[in-house]
Amino acid sequence: MEPYAEVEESYRRFAAEAADSPTFAAWAAAVAEDPEVVTWIRALPEVKQQPNLVFAAARHHGVPAPGPYDGLRAALLGDTGALRATILARSTQTNEVGRLATLVPAFASFDGPLALLEVGSSAGLCLYPDRWGYRWTTDTGEVVLGDDPLLPCRVRGPAPLPTALPEVAWRGGIDLNPLDVTDPDDMAWLETLVWPEQDERRARLVRAIEVARPDPPDVVRGDLVAELPAMVERASSYGTVVVFHSAVIAYLPPARRREFDALVRDLVGSGKCHWVSNEGKRVLPSVTASGPPIPDEHPTFVLGIDGRMVAQTHGHGRTLRWTA
Ligand SMILES: C[S@@+](CC[C@H](N)C(=O)[O-])C[C@H]1O[C@@H](n2cnc3c(N)ncnc32)[C@H](O)[C@@H]1O
């Protein structure tokens with residue numbers, strides 16, 4: 001392979017897949033054809049070369065988006081170190097409360113009050129399912145729960161949609177790098193992670209920060225496998241412990257994923273907690289294998305309760321297809 005082919009190829013692939021953001025699609029396509037910028041990106045550690053991270057850091061440093069590729073190019077090639085430092089210090093930790101519309105029907109299967117423990121919680125914005133409303137659109141009509149702001153979700157299949165919001169007695173989390181809802185710079189970073197044209201998601205994020213800021217969650221810094229038993233113990237004095245996660249386990253190497261799977265099954269088996277998982281279909285094979293087969297070409301998240309698949313979900317919570 002030519003020296004810089006991997007970077008060019010990954011940006012080309014990103015351009016093809018970033019249909020939700022014409023700006024990022026155009027930037028990525030232009031990077032792939034720009035040897036000087038490719039060289040700049042290639043000088044970053046490999047895990048830091050991803051388009052999402054590089055583009056977010058550029059926006060964090062004032063590059064307008066939507067905006068022309070020239071803005072990105074000038075910022076990268078003219079960088080005196082600050083932009084590179086942001087790339088090295090930060091990571092992509094998108095915190096998407098839209099996912100709650102698919103998680104809440106799973107939470108409703110447990111008796112409350114709940115002690116919610118989110119592993120890979122980022123800023124912990126998904127720990128407030130009781131502070132949002134929901135609008136589930138089914139084949140027969142709309143089911144609305146709670147008040148504005150309503151999180152919308154298209155539902156198929158016999159989903160047990162709850163008639164009451166969950167009662168939450170405690171909210172805690174574990175993250176390698178927790179973002180602090182009371183820290184303006186951390187929250188500005190979260191905002192830049194939302195793609196430029198996604199104004200609705202950005203507005204929801206701003207609202208989610210307002211919801212969490214007055215009552216921040218109890219999030220510890222650390223690895224989710226190492227910290228889980230102690231945090232389950234800590235949560236247990238507050239209510240029914242529900243360990244949950246979405247878009248997190250893919251960050252772990254395969255052996256560590258298996259360790260997490262075994263550990264949490266053990267905790268569930270000994271009655272210490274329940275488990276709600278919401279991950280890409282290949283991430284926790286034991287959960288995915290417990291449900292109906294999913295065609296190879298169909299990208300989906302899999303929602304599990306206590307290790308058994310109950311639904312297919314959209315990665316940002318837009319759809320829920322109940323299969324159990
Ligand atoms: C894409 S974010 C998802 C945030 C949140 N779960 C949501 O659905 O919005 C993934 C988070 O997992 C965290 N993470 C990745 N590996 C981890 C690990 N081994 N232990 C703890 N947290 C981890 C990252 O720091 C990041 O904040």
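When a ligand or atom number is given, it counts from 1 through the structure's own listing order. Since we're looking at a predicted model, the values are computed, not measured.
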Q: By number and element, which atoms of ligand 1 are closer than 4.0 Å to a non-hydrogen atom of Arg99?
A: 7 (C), 8 (O), 9 (O)
Q: Compute the shortest N/O to N/O distance between Asn95 and ligand 1 and return yes if it is under 3.5 Å, no if not.
A: yes
Q: Under 3.5 Å, is there a donor-acceptor pair between the Thr313 and Arg99 side chains?
A: no
Q: For the 3.5 Å polar cut-off, considering only N or O atoms, please tell me whether Leu176 and ligand 1 meet it.
A: yes
Q: Using salt bridge (Lys or Arg N to Asp or Glu O under 4.0 Å), reason through Arg73 and Asp70 one step at a time and then give a plain yes or no.
A: CA-CA 5 Å; Arg73 185 173 203 278; Asp70 283 354; over 6 Å; no
Q: Please determine whether a side-chain nitrogen of the Lys or Arg among Asp199 and Arg204 lies less than 4.0 Å from a carboxylate oxygen of the Asp or Glu.
A: no
Q: What part of Glu118 sits under 4.0 Å from ligand 1 if we count only heavy atoms: the side chain, the backbone, both or neither?
A: side chain
Q: Starting from atom 26 (C) of ligand 1, locate the nearest protein heavy atom and write down its residue, its atom name and how far away it is, to 0.1 Å.
A: Asp175 OD2, 3.5 Å
Q: If I apply the N/O under 3.5 Å rule, does Leu224 come out as touching ligand 1?
A: yes
Q: Can an N or O of Asp223 be found at a distance shorter than 3.5 Å from an N or O of ligand 1?
A: yes
Q: For Tyr134 and Trp136, take the angle between the two ring planes, folded into 0 to 90°, and tell me which bin it lands in: parallel under 30, tilted 30 to 60, perpendicular over 60.
A: parallel
Q: Could an N or O of ligand 1 be found under 3.5 Å from any N or O of Val119, whether backbone or side chain?
A: no
Q: Any salt bridge linking Asp266 with Lys272? Criterion: basic side-chain nitrogen under 4.0 Å from a carboxylate oxygen.
A: no
Q: With a heavy-atom distance limit of 4.0 Å, tell me whether Leu252 approaches ligand 1 through its side chain, its backbone, both, or neither.
A: side chain
Q: For ligand 1, which atoms, with element, lie under 4.0 Å from some heavy atom of Gly222?
A: 20 (N), 21 (C)
Q: Determine whether the side chain, the backbone, both or neither of Thr94 has a heavy atom under 4.0 Å from any heavy atom of ligand 1.
A: backbone
Q: Quick one: do Arg201 and Asp20 make a salt bridge, cutoff under 4.0 Å?
A: no
Q: Look at atom 10 (C) of ligand 1 and say which protein heavy atom is nearest, naming residue and atom and giving the distance to 0.1 Å.
A: Ala247 O, 3.5 Å
Q: State whether Arg257 and Asp261 are salt-bridged, where the test is any N-O pair (Lys NZ or Arg NE/NH1/NH2 against Asp/Glu carboxylate O) under 4.0 Å.
A: no
Q: Check whether the side chains of Thr86 and His61 place a donor and an acceptor atom closer than 3.5 Å, and report yes or no.
A: yes
